Every structure is written in C-alpha cells, then in structure tokens.
Amino acid sequence: MSSYVLIDSPGVPIKAWTRGVDLADNAIEQLQNTARLPIIHSHIAVMPDVHWGMGATIGSVIPTVGAVVPAAVGVDIGCGMCAVQTTLTARDLPDSLKAMRLVIEEAVPHGRTAGRSRRDKGSWGEPPRRVTNLWKAHLAQGFEALCDRYPVLVKTNNLCHLGTLGTGNHFIEVCLDEGERVWFLLHSGSRGVGNRIAMVFIEKAKKDMAGHLGDLPDQNLAYLSEGSVHYADYVEAVLWAQEFARINRQVMMEHVVSAVRGMKGLPRFEADRMVVNCHHNYVAAERHFDRECLVTRKGAVRAGAGDLGIIPGSMGAKSFIVRGRGNPESFESCSHGAGRALSRTAAKKRYTLDDHIEATRHVECRKDSGVLDETPMAYKDIDAVMKAQADLVDIVHTLRQVVCVKG
DNA sequence: ATGTAC
C-alpha cells in the first residue's frame, strides 16, 4: 500500500505519490514554484505521472482560494477520456481489425483543421443534426453570452468541432478487458474554441498582474483574483469549455458505437453497461479540509470514493478503469495516464520507426514516423505508476488495445 | 493542443 512522499518546498507542502517512479528535476522546480504562490489551499498533490508542463506540471492537483491560474488549467480545457464496455467479446471481432479501424476513422473527423480555404478532415463540413441539436440544447446560449463580452470567440471552430477528435495524443481505441470483453476508449478535449478561451484568459491574467509579475516565480503562474471581472468571466468560460469537451467525447462515442454496429458480420451488441466520461484537465469548485476552493486538476482525475475514472497507458500498453478511494490528502484525485518520460523532440531523436513497429506489433495502429513522439517508450511504465497510487484508486478493469486511431 | 503564418 503506497502513500505520498514530501518534496522539499519553499512554500506549502508538496505531497507526491511518486514512490518507485522517476521524478525529473524540471518537474520538481516547477512544483516548488507553484507551492510559493500565496493562493494555494493546504498543499499541492503530485500524481505519479508528473512531468513538466507549461506554467505548472502535468500530473498535479492545485487547490486555490480566491484565485485561479488559467495557465495551470492549460490550453486544452476539459481534456479527458470516455470509455464504454460493450457486450461484444474478442471472438466476435473479425480476424483483420483494419476494417474496424477504417470504419471508426470514417465516422469521427480527426486530424488537423487547416485554414478555411484548404481541405481538412479535422472538422465537420456540415455537422450532423444530432450534433447541432446538442449544441443548441446545451452550449449555444452560454457561448452567445461569452461572445457578447469576448467577440474574439465568435470566429472560432466551435460547432464544427463538436464530435471531432483533434491531433497529438488524442485517440480512439478498441480494447479488450481481462474477461475478453470489447471496450471503446477515447481521449479528446475542447478543440479550437477551448484553446482560444484558454489563450484569452492566460493573457488577461498576465495583464491584470502586470505591475507585480516580477514577484511571480514564473509568469505562466499569473492568476486571476476573485472579485475581478476576468475571474468571474474565466470561471464561466472554463466551465462552458469543460461542458463542450464532455459533450464532444459523448458525441464521438455515439458515432463510434453506431459505426461499428453498421459493420457486416458482427452480432448485435449493447454499449451501455459501463460508461465513464471524465476530465483530466479542468477546474472544479470543491470542499477540501473544511474550505471551499477551486481545484485545478492538470493531468489528474477526480477519484472520490466510488468515482469511476480512466487511466490510459500508451499505444501498446495497458489502460485501466479505476474506482476512486476518496483519499483526502490527494484532494480525491489520481493520475491521468502513464506520463511522459521523454519530451516529444527527445522521443523522436531517440527512437526509430523500427523500434515503434516492434513496440506496437499487437496493435492495429499508425506505424509511421509522424507518431514517434507517441511511441510507448516515450512514456513511463504504467505498472509502476499504478503501484505508486494504490492508496488513491482500485483497479476495476484492465484493458489492452487492439485498434488505435490517432489524429 | 490548436490555428496561422512563415
């Protein structure tokens, strides 16, 4: 049974669930910077997948009182995972999984969204009616209210990105659990519009603090203070973007399920036995240690007692469906994945395409040089990461990928 | 991560 270790801090305590996993020096330095902010409630919690990120480390939980740090939430507001268990089993799957991969790629726009004049596959030309209806029912009104005050948000990819995957480490997978049941798993966030919202408020925070930015250990830790217009607007905007991200994942999952249902040769199946949709890049108002605060989980998942969460490994590694243990010292949180061991550039330098092909030989996935920065060797050992957080979550299901779609 | 400009 693991527990946290204390990292030397010039400010509030830094409690780290990192026993048995590497902790890079640049991550420690960043944690110490964050711990010095005057707005932290109680302490900072560090997850075993921690690594350097813009502003604050990815894989950390930062509770604040009276302020919020937009760059700590990050540019992919509401980024997270969605998973469903189906009633299909491994023996229902065809020998060649390529057809299934193509069907999923066809059903969900993925990849870069190019400029307006160029052809692109990353957004809807014409969003399906289901997407437009969800937008109108849950997102349109809030978006108009934000656009009234922030007209720069008007011309963003918003509706045309609802139900689309994106690029980088965003993916869709078909997995098998320990009982050979088929699952669908996907990773995505709030796409273009969430990115723009984040950029706008990261700038506002720096401007609002212009007079005393020099007092901060890092300019990217600039915060918006409660009582200011920008603080209230950011909280409104970030919650809206998080809802966009959640619905984005829901729509993609619906399209994956219906696309696979349309494949010839598969039996009828259900996909509603176990459904999980969780953010791992977000802010939420919660109560911890007898105080209302804003909890920023940057690469961390809520793990309250009984909460279901998703912890993906990497291409070719295991992923986990977990149940939270509600550990108060972690602000009821767990890691969001394996965490990078190597930066994208370092991974591309260190490994060859042949290394990647060997590491992913059991997975129907991209095997070109464009995904070398996502190769399994670029990530920490997921088993060590899970062991280090044994007092934060219990493992409910262990999944292995058989198909992986990347943007 | 995303969009846009180089």
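Naming convention: chains lettered A, B, ... in sequence-line order (proteins, then strands); numbering from 1 in each chain. Below, all heavy atoms of this structure are taken into account, side chains as well, without hydrogens, waters or symmetry copies. Computed from a predicted model, the values in this text were never measured in an experiment.
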Q. NA contact type, H161(A), heavy-atom cut-off 4.0 Å: base, sugar-phosphate, or nothing?
A. sugar-phosphate
Rounding to an integer number of Å, can you tell me how far [X] [atom1] sits from [N] [atom2]?
| X | N | atom1 | atom2 | answer |
| --- | --- | --- | --- | --- |
| K406(A) | dA1(B) | NZ | P | 9 Å |
| H280(A) | dA1(B) | NE2 | P | 9 Å |
| L165(A) | dA1(B) | CG | P | 10 Å |

Which side-chain N or O atoms in residues 300-307 of chain A pair as donor and acceptor under 3.5 Å with protein atoms at least two apart or in another chain?
{"residue": "R302(A)", "atom": "NE", "partner": "D307(A)", "partner atom": "OD2", "Å": "3.3"}
{"residue": "R302(A)", "atom": "NH1", "partner": "E286(A)", "partner atom": "OE1", "Å": "3.0"}
{"residue": "R302(A)", "atom": "NH1", "partner": "E332(A)", "partner atom": "OE1", "Å": "3.4"}
{"residue": "R302(A)", "atom": "NH2", "partner": "E332(A)", "partner atom": "OE1", "Å": "2.8"}
{"residue": "D307(A)", "atom": "OD2", "partner": "G304(A)", "partner atom": "N", "Å": "2.9"}

Q) Does anything in residues 48-60 of chain A pair up under side chain to side chain donor-acceptor pair (under 3.5 Å), and if so which pairs, sequence neighbours excluded? A) D49(A)-H336(A), T57(A)-S60(A)
Q) Of all residues at least two apart in sequence or in a different chain, which pass the salt bridge (Lys or Arg N to Asp or Glu O under 4.0 Å) check with D218(A)? A) none
Side-chain N or O of [X] versus OP1/OP2 of [N]: is the shortest distance under 4.0 Å?
| X | N | answer |
| --- | --- | --- |
| T113(A) | dG3(B) | yes |
| R112(A) | dA1(B) | no |
| R191(A) | dA1(B) | no |

Q.
Per the salt bridge (Lys or Arg N to Asp or Glu O under 4.0 Å) rule, what does the pair list look like for residues 365-382 of chain A, sequence neighbours excluded?
A. R340(A)-E374(A), R344(A)-D373(A), R344(A)-E374(A), R366(A)-D368(A), E374(A)-K406(A)
Q: Any salt bridge (Lys or Arg N to Asp or Glu O under 4.0 Å) involving residues 13-34 of chain A? Give me the pairs, sequence neighbours left out, ordered by first then second residue.
A: K15(A)-E329(A)
Q: Using a cut-off of strictly less than 4.0 Å between a heavy atom of the residue and any atom of DNA chain B, enumerate the qualifying residues of residues 192-201 of chain A by number.
A: G192(A), N195(A), M199(A)
